[in-house]
Number of protein chains: 2
Amino acid sequence: MRIGELSRRTGVPVPTIKYYVRAGLLPSGELTSPNQASYGEAHERRLRLVRALLEVGGLKVAAVAELLAVVDDQNRTPHKVLGAAAARLGGPGDDDEDEEAVAARAEVEALAARRGWKLDESNAATADLVQALATMFRLGHGEFARVLDDYAEAAERVARADLDHVGRSGDLEGIVESMVIGTVLGEVVLAAMRRVAHVNASADKFGDGSGPAGA
Amino acid sequence: MRIGELSRRTGVPVPTIKYYVRAGLLPSGELTSPNQASYGEAHERRLRLVRALLEVGGLKVAAVAELLAVVDDQNRTPHKVLGAAAARLGGPGDDDEDEEAVAARAEVEALAARRGWKLDESNAATADLVQALATMFRLGHGEFARVLDDYAEAAERVARADLDHVGRSGDLEGIVESMVIGTVLGEVVLAAMRRVAHVNASADKFGDGSGPAGA
DNA sequence: GTTAGCGGAAAGTGCCGCTATCCATAAACT
DNA sequence: AGTTTATGGATAGCGGCACTTTCCGCTAAC
């Protein structure tokens, strides 16, 4: 298959595919002559994955490139891939440790202790959690910490389900791929579901008969 | 307080504050002379909220403006505000209804029936959910649907906790604000926690002794 | 009375994800 | 065989976005 057909099959414009190759999101096709290359099914599959991570997952091009580099690494392990995927999600990271951040970190550490979690200092997710909580404090909503255990319970349930699901994927290739997809798209699914559940629960609690919550 | 002090207190540069006023994120100060204005505590509070929604929540400036317009609306209700907040999160929305999207929608409707959820057609969260699931199908990961009930259980638990928490906020003003903050920042908290839980559960399941999952 | 800060408007900046244009070559039609 | 179309590769340009800079005439503070 040449680039034109790859484009037709996936709906991704040819120049965009070329751009992805340059950016390291997609391996270049196998050269059959100095200026002809052929693409296989693996390329098509990878391209669809790239588009999903970019469009649905909301990752940046550079983040996808880094993540896929780990996926393609010879020394990959499921654990490493999961860590790499987790590290590409979430915000940029804020190194300031003001008063609220310290309080938030303490709250997170207490939660981790209750949960038996080991907080990995190199895990960006921990930093994201602390930052979000610190922001709550700064906005005068420190009481939000009271629902953290409910959140943790929910997070654990989802994480367990995800890993069970991933385990059913057979070979390493399948495990790694469903880990990436599950981590990134799963986050989108969970967030959307939470919003659906919110609106439903709110209709019960605050329902004002004035119709849907709308846009 | 004049704009310079507002800037000093919040750490937001003066030109950025001016930009936010122009964009409708922040009411302009009260004019004391043709070209002097004074800002109060409400401005400071609102400015902090704006920064939180932008930086931590990841919302776009236009989305924050729309959301705050609903918050400031005289006819606001908690239910409407929640709907408005939910509508600003998530992707742009894809109107194509291909084969996978139909299957995904069926899956979501079946889930809603099991859960007793009412799917509001005007709710962007439903569309996000369908889109993410359709993407899973397109990537050949339709078996992900098997964990949807676990996700739903978790989402419901979190939604219930959120609404209980919001209910404790006293007056309408407080309820509305904690609804916005809880919806937007809560999503960040839940996502981060899920990633923390993933890495912990993965260390148990796939732990390879080779140290942290790292970046 | 000088200097710093202000409100308001308009233009400019830097990043990012593409998109357009070129070129020489190769493939596909006729 | 000859013309049209597509390709790989490289470079430049574009549109959106969140600011930032610059400018102006005016005001407040030392």
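Every chain is numbered from 1 and lettered A, B, ... according to where its sequence line falls, protein lines coming before strand lines. What you are looking at is a predicted structure, and each value in this text was computed from that prediction instead of being measured.
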Exercise for the section: Round to the nearest Å and state the distance from A/L26 atom CG to D/dG9 atom P. Expected result: 12 Å
Exercise for the section: Report the residue from A/D98, A/D96, A/D94 that forms a salt bridge (charged side-chain N to carboxylate O under 4.0 Å, His left out) with A/R138. Expected result: A/D98
Fill in the blank from the handout: From the candidates D/dT7, D/dG9, D/dC19, the one with an atom nearest any side-chain atom of A/Q36 is D/dT7
Fill in the blank from the handout: When rounded to whole Å, the CD1 to C1' distance for the pair A/I17 and D/dA6 reads 13 Å
Practice task
Select one nucleotide: of D/dG8, D/dC19, C/dT19, the one nearest the side-chain heavy atoms of A/K18.
Solution key: D/dG8
Exercise for the section: May I have the distance from B/Y39 (atom OH) to C/dG5 (atom C1'), rounded to whole angstrom? Expected result: 13 Å
Handout entry: From D/dA18, C/dG7, C/dT25, nucleotide with atom closest to B/V61 side chain
Key = D/dA18
Practice task
Would you indicate whether B/E97, at its atom CD, is surrounded by more than 12 heavy atoms from other residues, nucleotides or ligands within a distance under 6.0 Å?
Solution key: yes
Handout entry: Given D/dA18, C/dA10, C/dG7, the nucleotide with the shortest approach to the side chain of B/R22
Key = C/dA10
Fill in the blank from the handout: From NE2 of B/H43 across to P of C/dG7 the rounded distance in Å is 11 Å
Problem - Donor-acceptor pair present, A/K60 side chain and C/dG17 base, under 3.5 Å - result: no
Problem - d(CD, B/E30; P, C/dG8) in whole Å - result: 13 Å
Problem - Presence of salt bridge, A/D162 and B/R194, under 4.0 angstrom - result: yes
Handout entry: Nucleotide of C/dC6, D/dT7, C/dT19 approaching A/R2 most closely (side-chain heavy atoms)
Key = D/dT7
Problem - Value in whole Å for how far the C1' atom of D/dA10 lies from CD1 of A/I3 - result: 14 Å
Practice task
Report yes or no: does B/T16 contribute a side-chain atom to a donor-acceptor pair with the main-chain N or O of B/V12 at less than 3.5 Å?
Solution key: no
Fill in the blank from the handout: Taking for B/R51 and for A/A37 the nucleotide of DNA chain D with the nearest heavy atom, the one nearer the 5' end belongs to A/A37
Exercise for the section: Would you tell me if any nitrogen or oxygen in the side chain of A/Y20 comes within less than 4.0 Å of OP1 or OP2 on C/dG17? Expected result: no
Practice task
Whole angstrom is fine here: how far is it from CE in B/M1 over to P in C/dG7?
Solution key: 12 Å
Handout entry: Phosphate-side-chain proximity, A/T16 and C/dT19, N/O vs OP1/OP2 below 4.0 Å
Key = yes
Fill in the blank from the handout: Result for side-chain contact (heavy atoms from CB on, under 4.5 Å) between A/I3 and one of A/K18, A/Q36, A/H43 points to A/K18
Exercise for the section: Check whether any side-chain nitrogen or oxygen of B/S33 sits under 4.0 Å from OP1 or OP2 of D/dA28, and answer yes or no. Expected result: yes
Practice task
For the side chain of A/P15, starting at C-beta, report the closest nucleotide among C/dG8, C/dT19, C/dC18.
Solution key: C/dT19
